[in-house]
Amino acid sequence: MHGRSRLGDAHGGGASSPGAAWRGKGGDGTPPGVGRLVRWAAAVAFRRRGTLLVAPLVYLALMLVFFGRWEWDLEPPVPVRVGVAILRRAPPPGSVYRSPQVFQKLWPYMQADVNYSTPLMEAWHQKVNQKWKPCLKKKLFHAELPPSNGFLIIEANGGLNQQRLSISDAVAVAGLLNATLVIPIFHFNSVWRDSSKFEDIFDVEYFSEKLKHHVRVVKELPPEILQRFDNNISNILNMRSKALQPKTYYLQKVLPKLLEFGAVRIAPFSNRLAHSVPSSIQGLRCLTNYEALRFSQPIRALAEKMVTRMVNNSSRNGGKYISVHLRFEEDMVAFSCCTYDGGQREKNEMDKARERSWRGKFNRPGRVISPEANRRNGKCPLAPLEVGMMLRGMGFGNTTSLYIASGKIYNAEKYMAPLRKLFPLLDTKDTLASADELAPFKGHSSQLAALDYTVCAHSEVFVTTQGGNFPHFLMGHRRYLNGGHSKTINPDKKKLVLSLDNPNIRWNRFKRNMQEILHHSDVKGISLRKPDASLYTFPMPDCMCQQAEA
């Protein structure tokens, strides 16, 4: 539900036809080499009367060898008929959701394996020469602000972290233009349906105080300015900028209009500033996102209680716990066009969900959707069971405390049961906080997301399962808080699905595969921002400085 971004299309090309691969090789679709071999074997058998009865067996054996790589199916997408049987090519490894079958085989070994290390204490191997720490004072200089060039009004859209992005970029643009920033307006989104205002989610006074030496901030447009526009903010010129605009656009296009009219709007305002801008402007982004955007007092109060409860629940592991951003809500599963093990009922529910939310987007002429290709390419949301199997394979035992950050899980009764079996010490917002404590936040997705965000930020291990703004911002924030290391498991799902699709895999092999994924996440935990990457995921070197330790 939260942390969602406008996802790209998650579908691949259709599978190639096995019949097409054979055409032109033999008149009946059989490769000529195999046909000749069959006829030769039959001829030899008939010449020797004593072996006449063996001929059918030889023929059958050859057919079994030849068709051994094929599956029997009643309704294949592209059938190849041999007698009365219908055959189709077995999908490549990683194409099918077979995780429940793999789990059934490995579960006894998971129960018997008591030789767990202490991965919560040893998951991350940070090198001393890779220590980083915040250094905003070196990035920004206090100076008396010159007279303002006018008022900048922006409209933030999307969920919690898209709002964070819009606000941080707006502060940066206001600093660039020497404009006074009006506290951003939050767009009421038809998907999120959250009527929260800025002050419901963030601490307005703290925000203004943190920025006062760099950017002027006001709660609303002064009456004398609003009167110029007939007291209607919609009459103010809206500079509908395109995405990722450079510094020159704002100085050459927006600044002249700001000076002319005294106020300009940019709505909507999300991803409207380029990733690479001068260091002083990057510094304003850092200051805003990592320091000035503090959650409102009601959110902070409950979130701190929830973190304390998670720490207490994790006493066996020194107060350390794992948090998982589990993207297995109905709309996410539907959008991915992936299939699991719900059969026709699941298909009907997903078809209805896609039509309800995207109205014909997935039924356009010429559109090809291949759930098998999506899964092979790592585009399918991890089911709760798959998250649990992965973590157990990495060495996290059943005494590990898990916090699940999510919206409403699709078919939760079915899909959450195996994860609870794997990790009995599992909590969510609804188990960690009482109904009375959560009541003020119900119906406000961004405020609920802020609770999840805080609990995840303080976990020893954070697991991301499907991407989006929520994990991207958390990875950056955790780098900022943890000496430059994101302490995040971001699995390579192309590799992961190969293990989850192999019912014959041995437990020791499965563990080695999972521990390789953990090691890869550890190595990638400390990463510097590249020119085309977001500062909100990679705060080094723009927001942090490297520290040499003696």
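No donor-acceptor contact under 3.5 angstrom links the side chains of Ser336 and Arg327, judged on distance only. A donor-acceptor pair shorter than 3.5 Å can be found between the side chains of Asn513 and Ser499. Side-chain N/O atoms of Arg512 and Gln515 include no donor and acceptor closer than 3.5 Å. Remark: the Thr288 side chain and the Ser168 side chain contain no N/O donor-acceptor pair separated by less than 3.5 Å. Counting only N and O atoms by type, the side chains of Gln546 and Lys133 include no donor and acceptor under 3.5 Å apart.
Checked against the 6.0 Å centroid criterion, the rings of Phe328 and Tyr415 qualify as a close aromatic pair. The aromatic ring centroids of Tyr480 and Tyr290 lie less than 6.0 Å from each other. For Tyr536 and His472, the ring centers sit 6.0 Å or farther from each other. Aromatic pair Tyr410/Tyr340: centroids not less than 6.0 angstrom apart.
A salt bridge links Asp341 with Lys414: the distance from a Lys NZ or Arg NE/NH1/NH2 to an Asp or Glu carboxylate oxygen falls below 4.0 Å. Checked for salt-bridge contact, Arg529 and Asp542 meet the test: a charged N lies under 4.0 Å from a carboxylate O.
Between the side chain of Thr488 and the main chain of Asn490, no donor-acceptor pair closer than 3.5 Å is present. Panel note: side chain Gln162, backbone Gly158; no donor-acceptor pair is recorded below 3.5 Å. Side chain of Asn377 to backbone of Ala373: a donor-acceptor contact under 3.5 angstrom is found. Using a distance-only test at 3.5 Å, with no hydrogens or angles considered, a donor-acceptor pair links the side chain of Arg367 to the main chain of Lys361. A distance-only check finds a donor-acceptor pair linking the side chain of Lys105 to the backbone of Asn504 [under 3.5 Å]. A distance-only check finds a donor-acceptor pair linking the side chain of Asn482 to the backbone of Arg478 [under 3.5 Å]. Between the side chain of Lys493 and the backbone N or O of Cys380, at least one donor-acceptor pair lies under 3.5 Å. Side chain of Asn317 to backbone of Lys320: no donor-acceptor contact under 3.5 angstrom is found. In this structure, the side chain of Arg164 does not engage the main chain of Gly159 through any donor-acceptor pair within 3.5 Å. Without hydrogens or angle criteria, Thr400 side chain to Phe396 main chain gives no donor-acceptor distance under 3.5 Å.
Note on ring orientation: taking the six-membered ring where Trp is involved, the planes of Phe362 and Trp358 are perpendicular (angle over 60°, cut-offs 30° and 60°).
Here the shortest heavy-atom pairing between Asn271 and Leu165 reads N-CD2, 3.3 Å. Nearest heavy atom pair, residue Gln447 against residue Pro440, reads OE1-O, 4.5 Å. Considering every non-hydrogen atom in both Pro531 and Ser276, the closest pair reads O-OG, 2.8 Å.
Using a 4.5 Å cut-off on side-chain heavy atoms (C-beta onward), Val463 and Ser323 make no contact. When side chains are defined from C-beta on, Leu528 counts as touching Trp132, because their heavy atoms get closer than 4.5 Å. The side-chain heavy atoms of Asn289 and Phe473, taken from C-beta on, include a pair separated by under 4.5 Å. In this structure, Pro491 and Ile489 have side chains that are in contact, with non-hydrogen atoms separated by less than 4.5 Å. Looking only at side-chain heavy atoms (C-beta outward), Ile183 and Phe207 come within less than 4.5 Å of each other. Contact of the Tyr321 side chain with the Leu402 side chain is not registered, since no non-hydrogen atoms from C-beta on lie closer than 4.5 Å. Side-chain contact between Trp124 and His485: present, with at least one pair of heavy atoms (C-beta onward) separated by less than 4.5 Å.
Counting non-hydrogen atoms of neighbouring residues, nucleotides and ligands closer than 6.0 angstrom, the CD atom of Glu413 reaches no more than 12 such neighbours. Within 6.0 Å of the NE2 atom in His520, the count of heavy atoms belonging to other residues, nucleotides or ligands does not exceed 12. Environment of NZ in Lys495: sparse, with no more than 12 heavy atoms of neighbouring residues, nucleotides or ligands closer than 6.0 Å. Counting non-hydrogen atoms of neighbouring residues, nucleotides and ligands closer than 6.0 angstrom, the NE2 atom of His458 reaches no more than 12 such neighbours.
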**Request:** Take Asp430 and Lys442 through the test salt bridge (charged side-chain N to carboxylate O under 4.0 Å, His left out) and record every step on the way to the result.
**Result:** CA-CA 11 Å; Asp430 296 304; Lys442 289 293 186 182; 3.3 Å; yes
**Message:** Using salt bridge (charged side-chain N to carboxylate O under 4.0 Å, His left out), reason through Glu372 and Arg98 one step at a time and then give a plain yes or no.
**Reply:** CA-CA 12 Å; Glu372 293 179 349; Arg98 293 195 177 99; over 6 Å; no
**Asked** salt bridge (charged side-chain N to carboxylate O under 4.0 Å, His left out) between Arg345 and Glu349: does it pass, once the steps are laid out?
**Response** CA-CA 6 Å; Arg345 175 188 172 187; Glu349 290 172 346; 3.1 Å; yes
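A cation-pi geometry, defined here as NZ or CZ lying under 6.0 Å from the six-membered ring centre and within 45° of its normal, does not hold between Arg300 and Phe295. Cation-pi contact between Arg354 and Phe335: absent, since separation from the ring centre below 6.0 Å together with deviation from the ring axis within 45° is not met. For the pair Arg392 and Tyr109, the cation-pi test (distance below 6.0 Å, angle within 45°) is failed.
When the options Arg356, Lys408, Lys352 are evaluated for a salt bridge (Lys or Arg N to Asp or Glu O under 4.0 Å) with Glu330, the one that passes is Arg356.
Cys pair Cys543 and Cys135 fails the test of SG atoms under 2.5 Å apart.
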